[in-house]
Amino acid sequence: ITKGETIIRHKVKLKENTREKYDINMDVCDSKNNCKTITFDPDVTGCFVANASTTYTMTADINNSGVSWCINISKGNVTLDCNGYRVQGNNVADYGIYTSTGTNITIRNCSLQNWDTNAYAFGGYNVTLIDSKAKNNPDNGAYSALGTYHFFIRYNSTNNSYDYYFTNQYFWIIVTG
């Protein structure tokens, strides 16, 4: 803490024995009303909307989800670290991970399976899917549309109708290994 900064303490009472997810965002302003939002790194244990610029870290598998757009990244400057956990659909739901119009999105260490499309990047700029794998989908392992600079690095896609599908792209790279 530097001179002139204020320490804000805030207590949050959480319900015990529930699986509710709490994201904590706090706006901190100086005396000139220059504000910044501080987001606490949320743990991920189920489907959610990533609507804060932060790192989301999975702490459990998501199994047999029927939720289309299970992980919906709707903000820029987001990192999703699946931490090796599985994001598994029920073979009917649309997208395991969906991004739209965000900038600087990184998705890493994910095991995606049993979605219509495992990972769908629609629009956006500088979207990277790294060190992840996709399998067993009736449609696409990865689908990228209307984007600029979409990167798939060490993304292994197997047993899908289309392992990779690109449309209306400006620039994309696939590196497997």
Side-chain angles (χ1 to χ4, degrees), residues 10-27 37-124 126-145 147 150 152-161 163 165:
H10 185 75
K11 290 184 180 181
V12 177
K13 186 173 182 177
L14 304 177
K15 296 177 188 173
E16 292 185 32
N17 301 317
T18 66
R19 296 196 60 148
E20 292 183 48
K21 182 178 180 303
Y22 296 90
D23 294 341
I24 300 173
N25 297 313
M26 183 182 300
D27 290 330
T37 300
I38 298 173
T39 302
F40 298 90
D41 184 3
D43 291 336
V44 176
T45 59
C47 297
F48 71 103
V49 175
N51 56 11
S53 297
T54 190
T55 297
Y56 295 85
T57 305
M58 286 185 63
T59 57
D61 288 332
I62 298 172
N63 292 307
N64 200 32
S65 176
V67 178
S68 291
W69 304 13
C70 180
I71 298 175
N72 183 352
I73 300 173
S74 62
K75 187 88 171 169
N77 300 310
V78 168
T79 297
L80 169 64
D81 188 345
C82 293
N83 210 18
Y85 288 103
R86 179 177 53 238
V87 181
Q88 180 187 38
N90 64 357
N91 287 315
V92 177
D94 290 331
Y95 308 115
I97 299 174
Y98 177 86
T99 70
S100 64
T101 66
T103 300
N104 300 322
I105 295 170
T106 301
I107 301 163
R108 64 177 57 240
N109 303 317
C110 298
S111 176
L112 303 160
Q113 61 190 45
N114 302 344
W115 299 94
D116 183 55
T117 295
N118 274 314
Y120 182 40
F122 182 79
N126 195 21
V127 177
T128 302
L129 186 55
I130 185 169
D131 292 330
S132 297
K133 58 187 173 183
K135 65 180 182 178
N136 302 334
N137 303 289
D139 208 350
N140 304 297
Y143 188 119
S144 182
H150 287 183
F152 298 86
I153 302 168
R154 292 183 302 278
Y155 182 72
N156 295 309
S157 187
T158 57
N159 199 27
N160 307 293
S161 294
D163 288 329
Y165 189 85

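Side chains are part of it too, since the values below use all heavy atoms of this structure and drop only hydrogens, waters and symmetry mates.
You'll find the side chain of Asn104 reaches within 4.5 Å of the side chain of Asn77, heavy atoms only. Looking only at side-chain heavy atoms (C-beta outward), Arg86 and Asn63 come within less than 4.5 Å of each other. With contacts defined as side-chain heavy-atom distances shorter than 4.5 Å, the pair Met58/Val87 qualifies. With a 4.5 Å cut-off on side-chain heavy atoms, Asn126 and Thr106 do not count as touching. Considering only heavy atoms from C-beta on, Ile97 comes within 4.5 Å of Ile73 through its side chain.
Here the closest non-hydrogen pair linking Ser132 and Arg108 is OG-C, 3.7 Å. For the residue pair Cys70 and Ser65, the shortest heavy atom distance occurs at SG-OG, 4.1 Å. Annotation for Gly102 and Val127: closest pair O-CG2, 4.4 Å, computed over non-hydrogen atoms. Contact between Ala93 and Trp115 at its shortest, heavy atoms only, is CB-CZ3, 3.5 Å. Nearest heavy-atom pair, Cys47 versus Ile62, reported as atom, atom and distance to 0.1 Å: N-CD1, 3.9 Å.
Atom CG of residue Asn114 and atom CG of residue Asn91 lie 4.0 Å apart, to the nearest 0.5 angstrom.
Residue pairs meeting the disulfide bond (SG atoms under 2.5 Å apart) criterion with at least one partner in residues 78-115, sequence neighbours excluded, are Cys82-Cys110.
In this structure, Trp69 and Tyr95 have tilted ring planes: the angle between them lies in the 30° to 60° band.
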